Amino acid sequence: MTSSLNNSLNRSMGSSGASGPPGTHRVSGPTETDASSRDSEVFAIGRRRQFSASEKRALLAEAERCKAAGELGAFMRRKRIYSSMLSSWRKQLGAADRVALAPKRRGPKPDASARQIEHLTRDIVRLRRKLERAELIIDAQKKLCVALGLPTSDDRSAEE
């Protein structure tokens with residue numbers, strides 16, 4: 001098969017099996033010796049590096065020690081990190097320090113069920129007020145119907 005491939009390539013290139021002028025290279029397809037010399041190993045897919053908190057702290061401390069011109073850039077190239085990584089790590093470290101140094105609230109922690117009970121109690125009070133208003137409106141409508149002589153819902157149910 002490779003010989004037929006080579007013949008077809010040679011014909012398309014205009015040569016009849018002889019090499020061309022000196023200094024030119026002959027284009028040919030892959031030969032069997034090329035295929036056997038290739039490495040058939042499958043490479044693993046690259047993964048994003050993950051740094052632990054202690055590694056981040058160590059890299060930040062080392063970056064802070066870089067004072068000379070160009071020293072920080074060389075450090076980042078050597079460790080294969082970006083300046084954006086350093087800045088986000090600094091923000092993370094600052095936030096963690098603020099949380100660690102923040103004063104702790106004393107006393108019992110608020111319970112989620114107690115918060116829910118309080119919310120439901122407020123809803124009950126609100127709905128009771130709404131019901132009282134609706135009952136007042138219904139009573140006023142009944143009185144109006146009686147005053148105008150119109151049949152009320154109580155009269156209609158008694159007739160049936």
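For clarity, every value in this text was computed on a predicted model and none was experimentally measured. Here, residue 1 is the first one in the sequence, and each next residue gets the next number. When reading the values below, keep in mind they use all heavy atoms of this one structure, side chains included, and skip hydrogens, waters and symmetry mates.
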Exercise. Tell me who clusters with Leu93, hydrophobic residues only, linked when side chains sit under 4.5 Å apart either directly or through other members.
Key: Phe51, Leu59, Leu60, Leu72, Phe75, Met76, Ile81, Tyr82, Met85, Leu86, Trp89
Practice problem: Quick one: name the residues clustered hydrophobically with Val146, using the 4.5 Å side-chain heavy-atom rule over I, L, V, M, F, W, Y, and just say none if it's on its own. | Solution: none
Exercise. Run the salt-bridge test on Glu64 and Arg90 with the 4.0 Å N-O cut-off and return the result as yes or no.
Key: yes
Quiz item: So which heavy atom on Arg49 is nearest to which on Lys79, and how close?
Solution: NH1-O, 3.2 Å
Exercise. Identify the heavy atoms of Glu62 and Arg78 that sit nearest to each other, and give their distance.
Key: OE2-NH2, 3.9 Å
Using atom types as modelled, flag every donor-acceptor pair under 3.5 Å from a side chain in residues 112-139 to any protein atom, sequence neighbours excluded.
residue, atom, partner, partner atom, Å
Ser113, OG, Asp111, OD2, 2.6
Thr121, OG1, Ile117, O, 2.7

